[in-house]
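Following: one structure in structure tokens, then a few remarks.
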Amino acid sequence: MKKKIALIFGITGQDGSYLAELLIKKNYIVHGVKRRSSSPNTERIDHIFDSVNFQSKNIFLHYGDLSDVTSLYSIIYKTNPDEIYNLAAQSHVKISATIPEYTANITGLGSLRILEIIRFYKKKKIKFYQASSSEMFGSSKPPQSETTTFSPCSIYAISKIFSFHTVKYYRDAYKIHACNGILFNHESPRRGVNFVTKKIINGLLRIKKKKQKILFLGNLDATRDWGHAKEYVESMWKILQAPIPRDYVVGTGKSYSVKQFLNKTAKQLGIKIIYKGKGLNQIGVDAKTNKVIIKVSKKYFREKEVDNLRANSNKIKKYLNWKPKTSIDHLISDMIKNEL
Ligand code: NAP
Ligand code: G4F
């Protein structure tokens with residue numbers, strides 16, 4: 001049987017690397033787009049090329065950038081994909097306040113550029129997956145589902161909403177098989193170091209090894225619905241295989257505060273934190289050593305906070321039989337194990 005061809009924008013990121021592994025296992029030919037960078041940016045996928053088990057002959061990388069339509073055009077024509085997964089983005093919410101125009105250009109307009117090429121593509125019908133985000137719900141009350149109103153609190157979220165509606169528009173107006181996966185936070189050993197889960201795990205490990213004294217964090221009260229990236233990429237594939245293109249919310253349905261994530265990680269590392277003070281003056285003291293190991297810093301607060309995210313994923317459970325399996329404690333232990 002002829003192998004399906006997938007093209008992944010964002011293959012060098014957390015999700016892109018797991019999706020590439022999944023699709024290779026499913027016997028796809030996988031093409032991925034990497035950006036030019038002055039230092040290596042393929043460390044999350046290098047093992048795929050090194051491993052015979054992963055059939056490295058079925059994966060190819062191309063230089064490109066979502067801001068450069070000439071590169072998008074030539075990669076799509078060269079690779080002739082059956083499915084395109086757009087996971088590429090300036091994906092950091094806090095940083096989107098510092099580089100708003102860049103974020104809108106990549107995270108917002110990037111999807112439009114790809115969809116325009118798909119619209120005029122003559123060789124075959126290409127299916128399109130867009131990495132939409134629970135951040136789009138912003139200040140809307142949990143649980144959030146496909147029918148919840150978007151109330152964005154960042155330029156990142158506003159850019160993702162632009163992409164979300166562009167996908168719907170191209171689906172309705174041009175009958176393109178295009179879908180949004182509205183994914184809630186998902187983490188893994190491959191998570192970027194400046195997202196809170198990875199920062200907590202790295203920070204507490206370094207404190208335990210006496211390589212760091214204090215871990216500075218922002219809002220400890222915000223709650224998130226955290227799942228495991230490895231199983232969330234399975235939902236992306238399932239969403240594109242469904243005969244009718246639809247949008248789906250993907251999450252665990254359980255939420256924890258940043259402080260709870262911090263305490264759970266500390267517990268697994270044998271650290272007990274005693275909290276003192278409130279708000280910006282809150283500190284965390286190591287019960288054994290009596291030393292301050294956690295401090296709250298204004299620097300890590302958002303311009304506008306998203307307080308509570310918790311998914312209602314009944315639709316994807318019902319229609320695509322996808323459900324999460326990894327508990328938050330297992331997610332943390334997986335991240336710790338890998339760091340060690
Ligand atoms: P990530 O680790 O930050 O990966 C982002 C990817 O996009 C990287 O491969 C990055 O390349 C690439 N990229 C950035 N700017 C680009 C540009 N101008 N042109 C081409 N590629 C570019 O993000 P992730 O956690 O895997 O998330 C994947 C997608 O899902 C993102 O769109 C994110 O916004 C969205 N999302 C994530 C979550 C989550 O919790 N992880 C939840 C909902 C939605 P470099 O490696 O060169 O930087
Ligand atoms: O880990 P975070 O930076 O993730 P955030 O902002 O929820 O965004 C992630 O999930 C979105 C899905 O909802 C994705 F679309 C997006 O691409 C990204 O993957 O922050 C989580 C929470 C926030 O409330 C933040 O204010 O942790 C809080 N936080 C507290 N201290 C911190 C810190 N966040 C970071 N990054 N660093 C801190 O020191």
Side-chain angles (χ1 to χ4, degrees), residues 8-20 32-37 39-45 62-68 71-72 75 85-96 102-103 105-107 109-111 113-114 129-138 144 153-154 156-157 159-160 163 180-188 190-200 203 215-229 232-233 236 249-251 256-259 261-262 294-297 299-309 311:
I8 305 175
F9 289 95
I11 195 168
T12 57
Q14 170 188 254
D15 292 4
S17 65
Y18 285 117
L19 182 65
V33 178
K34 65 168 178 173
R35 296 194 287 173
R36 192 270 157 185
S37 64
S39 50
N41 63 353
T42 55
E43 55 193 21
R44 291 188 179 105
I45 49 172
H62 309 266
Y63 280 110
D65 197 297
L66 279 193
S67 64
D68 176 5
S71 70
L72 307 183
I75 291 167
Y85 295 84
N86 180 28
L87 314 183
Q90 190 301 92
S91 70
H92 202 283
V93 175
K94 169 90 182 151
I95 295 172
S96 74
Y102 177 78
T103 303
N105 188 18
I106 303 308
T107 308
L109 285 174
S111 56
R113 296 189 181 106
I114 300 172
Y129 174 89
Q130 168 62 19
S132 284
S133 166
S134 53
E135 187 69 17
M136 302 188 304
F137 297 123
Q144 293 96 356
C153 296
S154 64
Y156 169 79
S159 308
K160 282 287 183 188
S163 278
N180 288 289
I182 309 173
L183 272 54
F184 282 62
N185 298 49
H186 45 279
E187 319 293 311
S188 75
R190 297 183 197 168
R191 186 55 142 153
V193 290
N194 58 357
F195 294 94
V196 79
T197 55
K198 186 78 166 179
K199 185 175 163 184
I200 288 173
L215 172 62
F216 288 91
L217 291 166
N219 184 357
L220 300 182
D221 299 322
T223 69
R224 289 291 182 276
D225 177 335
W226 280 295
H228 199 303
Y232 280 40
V233 298
M236 298 176 184
V249 156
V250 177
Y256 299 88
S257 68
V258 172
K259 197 186 219 173
F261 192 96
L262 181 61
I294 307 293
K295 276 191 177 177
V296 174
S297 166
K299 185 176 156 190
Y300 297 109
F301 276 73
R302 307 281 155 91
E303 285 63 21
K304 195 172 172 195
E305 295 286 335
V306 170
D307 293 324
N308 291 309
L309 292 177

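Counting starts at 1 for both ligands and their atoms, in listed order.
The backbone of S132, and not its side chain, has at least one atom closer than 4.0 Å to an atom of ligand 1 (non-hydrogen atoms only; backbone = N, CA, C, O).
Remark: among candidates K198, R191, H92, the nearest residue to atom 19 (O) of ligand 2 is R191, based on non-hydrogen atoms. Nearest residue to atom 11 (O) of ligand 1 from N41, T12, V93, I8 is T12 (criterion: closest heavy atom).
Set against the non-hydrogen atoms of N185, the atoms of ligand 1 under 4.0 Å away are 40 (O). Close approach to L183 involves these atoms of ligand 1, each under 4.0 Å from a residue heavy atom: 42 (C), 43 (C).
Ligand 2 has an N or O atom lying under 3.5 Å from an N or O atom of G218, backbone or side chain. The shortest N or O to N or O distance between Y300 and ligand 2 is not under 3.5 Å. Between T197 and ligand 2, no N or O atom pair is found at a separation short of 3.5 Å. The shortest N/O to N/O separation between V306 and ligand 2 does not fall below 3.5 Å. Any N or O atom pair closer than 3.5 Å counts here, and W226 shares no such pair with ligand 2.
For atom 4 (O) of ligand 2, the closest non-hydrogen atom on the protein side is N185 ND2, 3.7 Å.
Within the 4.0 Å heavy-atom cutoff, H92 does not count among the residues contacting ligand 1. Judged by the shortest distance from any of its heavy atoms, Y102 lies inside the 4.0 Å radius around the atoms of ligand 1.
The aromatic rings of Y129 and Y85 sit tilted, their planes meeting at an angle between 30° and 60°.
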